[in-house]
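One structure is given here, and the rest of the page talks about it.
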Amino acid sequence: MITIVSRYSLHLCLVLSLFGCGESNSVKPGEATLAKADAAASDSPEVILFATKSLYNGAKQKDHAWIATSREIAVAEKALEAGDLAAARQAALRAQLTAQASLAQANLESQAWRTRVP
Amino acid sequence: MKILVALLVVFSVTLPALADPEADRLAFAEFYLSRFPSIELQAHKDGAYALDQAKREQWLEMEDFPPYEIAVDEGELLYARAFDNGESYAACFDQGGLGIKQNYPYFDIERSEVITLEMALNLCREKHGEAPLDYAGELMGNLTAYMAYTSRGNKFAITVPPEGLSAYEAGKQFFYERRGQLNFACSSCHLQSAGGMLRAEILSASIGHATHWPTYRFKWEQIGGLHKRFIECNEQVGAEGLAQQSPAYRNLEYFLTYMNNGMTLNGPASRK
Amino acid sequence: MNRNLSMILRLTALVASILFPVSLALAEELPEVIPTSIDKGRSIAFNRNAGNCLSCHFVVDAELPGNLGPPLIQMQARFPDRAVLRAQIWNAASQNPDTIMPPYGKHNILTESEVDLVVDYIYSL
């Protein structure tokens, strides 16, 4: 079950990252921001955190996890334990953004590295 | 016809994977020769100290009392100590393990993986019924310091058998792949920007990066191996470091050391 | 221009505090100067754990700046369109795929409002 969810999330993230790439040439950037993620996401920090962890594990499997993601996941979990749902939600959203960006990076770099070989 | 096209497509996609390590190495060396026309390749074994005279003089003064000397002495004692079964490390290596570091890492065809010197030491221990040493620990640092010391002056002679090409290629990919939140590849700093200043630090060339391990780093206040430095580099760019001796780091070491073929070993060394 | 003025004021205050320690005590009772967006942007830009611009860029009052990127001078002449400067900080790779400049916005190194503050500061150089 967890594998299915994680696979699904991975695809979702790749799709999201494609949108991100498509917009990256605009002068006023249209990439994912915390405000947009805030507006788009479910209200429950637990739900955001669950999805984010599977994104994070996907990046980790590719040796592409970021410190910022695990740091914000830890912040979110601590806030959840303390019962501060608003803080937990913000940290979970920040973790989600970096988890998505790290997977997009892993995906892009799986080919882009070749351009740097002398 | 369709099959033919499909085959062609598959072939052209897999073509870059048919790597030519020696062509890579020559292009790599050529890059640094043209980046630093007044510096001979061998000089890069001293890293940033090859690129800045003032920093070099400071460093040479530090080297008057080498901070890794104790590790070499301790390592020599450790190396000679017999295992419980009466055997010792010497039984596991060519030439009794002395003066052999230039051949590591190598690709073990039977195990189908890259074997570094650290891993070979632990495989030796396991073979003789001893518990493996912690890769990040002092004992491993001392042992490898001694083995590096006995290999000083030798030149790297890494080989890549056909079976090892994919490990080599994985290491090469790791070297050129951007990672971490800051989006740097190893090559971003140590190839593309080599010689540039990151604040007051000068960025060293990767062509000398394999020669001097393990290294006493004053910042660490201890001797550590190349993988400890990999972790530090990865974390500096906001990426999670991997485990020492993880397959990805062993592949990276394999590629990097192959790029250092012909370079003279000068480990252990000290760095700021 | 504003920054120069505030710099002169700060220097004057510093010199005065050394020459007349009593006046420092008086100054402390005055309400604090509210930092401008340029001041805030400057502190983000100088912070090693945030913008850390000085790692790679020369800035006029920086100690030991790096040189991997171009010096941050005459920014309004170099970027007549402020939005282009902002896009550069957000994700420099959109203009140059080989750049080594970290994508501050795209990778959420800074928040959107932090990027805006840094742009305010850089644009004042």
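Numbers restart at 1 for each chain; the letters A, B, ... are given by sequence-line order, proteins then strands. Here the structure is a predicted model, which means the values were calculated and not measured.
- Shortest non-hydrogen contact noted between Gly180(B) and Trp66(A) is C-NE1, 3.3 Å.
- A pairwise comparison of heavy atoms in Glu169(B) and Trp113(A) identifies OE2-CH2, 3.5 Å as the closest pair.
- For Ser102(A), no part lies near chain B; criterion is any non-hydrogen pair under 4.5 Å.
- Gln181(B) places no side-chain N or O within 3.5 Å of a backbone atom of Ile67(A) that could act as its donor or acceptor partner.
- Minimum interatomic distance between Pro118(A) and Ala27(B) (heavy atoms only, all atoms of both residues): O-CB, 3.7 Å.
- Here CD of Glu240(B) is found 7.5 Å from OG1 of Thr69(A). Values are rounded to the nearest 0.5 Å.
- Going from atom CG of Asn234(B) over to atom NE2 of His64(A) covers 9.5 Å, rounded to the nearest 0.5 Å.
- Rounding to the nearest 0.5 Å gives a distance of 7.0 Å between CD of Gln173(B) and CZ of Arg114(A).
- When heavy atoms are compared at a cutoff of 4.5 Å, Glu235(B) approaches chain A by way of both its backbone and its side chain.
- Within the 4.5 angstrom heavy-atom criterion, atoms from both the backbone and the side chain of Asn183(B) approach chain A.
- A donor-acceptor pair under 3.5 Å is absent between the side-chain atoms of Arg179(B) and the main chain of Glu109(A), judged by distance alone.
- For Ala112(A), no part lies near chain B; criterion is any non-hydrogen pair under 4.5 Å.
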